[in-house]
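Along the sequence shown, residues carry numbers from 1. Atom set for the values below is all heavy atoms of this structure, side chains included, hydrogens, waters and symmetry mates excluded. Counting convention: from 1, in listed order, for ligands and their atoms alike.
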Amino acid sequence: MAYETIIVDIEDDIALIQLNRPDALNAINSKVVEELAAALAAADVNDKVRAVVLTGSEKAFAAGADIREMSEKSFVEMFTEDFFGPLNEAFLKFRKPVIAAVSGYALGGGCELALMCDFIIAADNAKFGQPEINLGVVAGIGGTQRLTRLVGKSKSMDMHLTGRFMDATEAERSGLVSRVVPAIKLMPEAMAAAKKIAEKSQVAVMVVKEAVNRSYETTLREGLLFERRVFHALFATEDQKEGMQAFLEKREPQFRDR
Ligand code: HXC
């Protein structure tokens with residue numbers, strides 16, 4: 001499918017989705033939301049996709065929601081359109097792993113988009129921020145919730161209240177990103193991580209995603225029980241037998257996703 005605001009390239013089990021609005025630093029407008037949701041839905045049902053990498057340009061992952069598009073909207077329009085709601089839903093529904101490869105600005109909705117992904121690999125030039133306060137609004141697609149869970153209340157308040165940017169070193173130190181690499185190595189690193197995931201049993205990979213995400217939604221006791229039960233359940237798969245047998249036979253496993 002041809003898209004206007006994103007580029008999707010599927011190769012070697014990985015869907016690479018690149019935001020493509022260079023003139024607006026990949027600002028996220030309604031078309032981006034519609035196309036990202038469509039690309040994720042397509043990747044979900046495509047057996048050739050085992051992991052997704054989402055990226056922007058070297059200068060900007062995404063500089064936020066499109067201020068030009070939003071500026072004149074009324075409350076009623078924002079509310080009835082459920083502005084950006086479908087993007088959040090698309091990510092919540094998507095069961096395969098998504099890695100955000102962030103270079104340059106990830107601000108406002110751009111930071112929140114990265115936070116919707118399963119983990120973030122950052123280039124050393126990455127800058128994260130929730131500067132909505134400078135526009136007289138607040139984060140609207142997860143910033144006050146997801147960022148707070150990752151970096152804690154104090155730093156999250158600091159980011160949201162002052163609108164300051166966080167560099168890659170601080171982002172890694174704070175638990176916002178999983179790794180920082182030199183900008184030139186960002187895409188090879190993210191693609192290699194996706195490739196590594198694609199080699200695993202897809203059943204186990206999807207279970208990992210569900211179990212880790214469950215930790216945000218439940219008590220520790222319930223979460224531990226959920227984890228133990230899905231761990232038990234994986235013993236019903238051929239991939240568990242193959243993985244353990246391969247270890248004992250000192251060879252690489254051949255997973256078949258069943
Ligand atoms: C629309 C944007 C944009 C945005 C940049 N541009 N960010 N257009 N929406 N969020 C456009 C600029 O208008 C400009 O277009 C072009 O991209 C290049 O940007 P410059 O500002 O000239 O670049 P630079 O001086 O390098 O500064 C980069 C920047 C700055 C620091 C990232 O652009 C900036 O502060 N952008 C806004 C960041 C922000 O406030 N984001 C939060 C948005 S609110 P022209 O046509 O002039 O060349 C949000 C709410 C989320 O995200 C909630 C969702 C429901």
Atom 30 (C) of ligand 1: nearest protein contact (heavy atom, Å): L25 CD1, 4.7 Å

Location of contacts on A65 toward ligand 1, heavy atoms closer than 4.0 Å: both

Partner of I120 by side chain to side chain contact (heavy atoms under 4.5 Å, CB included), out of V180, V177, L54: V177

Under 4.0 Å to a heavy atom of I141 - the qualifying atoms of ligand 1, by number: 54 (C)

Polar atom proximity, K59 to ligand 1 (N or O, under 3.5 Å): yes

Six-ring centre of F165, K127 cation under 6.0 angstrom, axis tolerance 45°: no

Sub-4.0 Å protein heavy atom near atom 7 (N) of ligand 1: yes

Closest protein heavy atom to atom 53 (C) of ligand 1, given as residue, atom name and distance to 0.1 Å: G140 N, 3.4 Å

Where ligand 1 meets P131 - atom numbers and elements under 4.0 angstrom, heavy-atom basis: 39 (C), 40 (O), 41 (N)

Nearest-contact summary for atom 55 (C) of ligand 1 - protein heavy atom, Å: F84 CD2, 3.5 Å

Contact check: M70 vs ligand 1, nitrogen or oxygen atoms, below 3.5 angstrom: no

Test applied, side chain to side chain contact (heavy atoms under 4.5 Å, CB included); reference residue, I99; option that passes from I121, I14, T55: I121

Under-4.0 Å protein heavy-atom contact, atom 41 (N) of ligand 1: yes

Ligand 1 versus A63: contacting region, heavy-atom distance under 4.0 Å: both

Closest protein heavy atom (residue, atom, distance) for atom 14 (C) of ligand 1: D23 O, 4.2 Å

Ring geometry between F231 and F235 (parallel below 30°, tilted from 30 to 60°, perpendicular above 60°): perpendicular

E69 near ligand 1 by a heavy-atom separation under 4.0 Å: no

Protein contact of atom 2 (C) of ligand 1 - nearest heavy atom, named by residue and atom, plus distance: A24 O, 3.8 Å

Protein residue, atom and distance nearest to atom 35 (O) of ligand 1, heavy-atom basis: L107 CD1, 4.7 Å

